[in-house]
Amino acid sequence: MGKVRAVFAGWTAEDFDAMTEPGLGPRMEQIRARIQPKFIQLAEHFEPWLAEKLGVPMHTHVAKHARRTVHPPESTWVAFSSDPRGYKKHPHFQIGLFATHVFAVFGYIDEGVDKAAFGARVSAESEDIFAMLPGDFAVIEDHTSPHFKFVRDLGADGLRRVGERLSAVKKAEMLVGRTMLRDDAVRMTGEAFVRWVEAAFTPACALYKTARSIAQD
């Protein structure tokens with residue numbers, strides 16, 4: 001267990017309440033004031049931590065939600081990818097929160113360039129991936145939705161179907177990792193949360209290396 005490189009203040013009830021603030025402008029004000037500074041604290045630890053684990057430089061991208069003009073975001077996050085210009089087209093890691101829970105995940109969202117090839121690999125190797133991932137890991141097929149399924153409930157066949165859809169459907173997504181309910185996150189110390197995220201990202205590093213090898217082929 002390595003040293004935590006930065007002090008993360010931990011989550012508060014007010015952080016989660018920010019995600020229910022009515023209106024786009026007021027909610028974004030709360031996100032910028034309350035949540036994004038904590039994302040930067042987390043990034044000070046996880047950018048170098050991931051770089052060491054993966055053997056490639058990683059870069060921090062705080063979600064700006066710039067495309068939104070009317071509806072406020074239901075979730076917000078910080079992402080880590082190997083591209084300094086962005087993360088959406090690449091396999092990446094995310095830490096973020098909805099009003100109900102926090103999450104720490106790896107995967108592709110709908111704009112991923114090589115996600116079809118990654119989906120095909122997940123489908124072909126679903127038995128091995130199922131055996132590798134903890135059963136309480138969440139599998140998310142829409143990053144804008146709070147809904148997810150556990151690996152243990154999906155089984156190898158379910159993972160294969162998720163991979164097939166990722167390969168075949170342009171808008172399909174696949175994010176894999178941990179979730180924690182709001183009240184549990186509020187009770188957790190900042191350092192304990194960092195360790196919880198590390199435990200989410202560590203198994204996912206193998207999937208990242210698979211995704212990166214596909215991108216380099």
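In what follows, every heavy atom counts, from backbone to side chain, and hydrogens, waters and symmetry copies are set aside.
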### Message
One pair to check against side chain to side chain contact (heavy atoms under 4.5 Å, CB included): K170 and D110. What are the steps and the verdict?
### Response
CA-CA 7 Å; K170 185 176 181 180; D110 59 341; over 6 Å; no
### Task
Would you check, one step at a time, whether the test side chain to side chain contact (heavy atoms under 4.5 Å, CB included) holds for H65 with T76?
CA-CA 8 Å; H65 309 291; T76 191; 2.9 Å; yes
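F150 carries R152 over the face of its six-membered ring, with the cationic atom under 6.0 Å from the centre and within 45° of the normal.
In this structure the side chain of M28 never reaches within 4.5 angstrom of the side chain of P72, judged on heavy atoms. Contact check for V102 versus I95: no side-chain heavy atoms found under the 4.5 Å cut-off. Contact check for S126 versus D157: no side-chain heavy atoms found under the 4.5 Å cut-off.
Summarising the local packing, CD of E111 is surrounded by more than 12 heavy atoms from other residues, nucleotides or ligands at distances under 6.0 Å. Under a cut-off of 6.0 angstrom, the local environment of CD in E74 is sparse, with at most 12 non-hydrogen atoms contributed by other residues, nucleotides or ligands.
Relative ring orientation between F193 and W11 is described as perpendicular, the plane-to-plane angle rising above 60° on a 0-90° scale split at 30° and 60°. The aromatic rings of H61 and H59 are tilted relative to each other, their planes meeting at an angle between 30° and 60°.
For the ring-ring contact (aromatic ring centres under 6.0 Å, His included) test with F93, the passing option among Y208, Y87, F80 is Y208; the others fail. With F201 as the partner, the ring-ring contact (aromatic ring centres under 6.0 Å, His included) test is satisfied by one option alone out of F106, F103, W196, F46: F46.
A donor-acceptor pair shorter than 3.5 Å can be found between the side chains of R212 and S82.
Across all their heavy atoms, T12 and K38 have their closest contact at CG2-NZ, 3.8 Å. Heavy atoms only, all atoms of each residue included: A192 and M188 are closest at CB-CG, 3.4 Å.
Separating the NZ atom in K115 from the NZ atom in K89 is a distance of 14.0 Å, to the nearest 0.5 Å. To the nearest 0.5 Å, atom CD1 of residue I35 and atom CG of residue L42 are 11.5 Å apart. For the atom pair CZ (R160) and CD1 (I129), the distance works out to 12.5 Å, reported to the nearest 0.5 Å. Atom NE2 of residue H147 and atom NZ of residue K149 lie 11.5 Å apart, to the nearest 0.5 angstrom.
With sequence neighbours left out, D83 forms a side chain to side chain donor-acceptor pair (under 3.5 Å) with R85, H90.
Under a 4.0 Å N-O distance rule, the pair D17/R182 qualifies as a salt bridge. Under the 4.0 Å criterion applied to side-chain N and carboxylate O atoms, E198 and R195 are assigned as salt-bridge partners.
Aromatic pair H92/W77: centroids not less than 6.0 angstrom apart.
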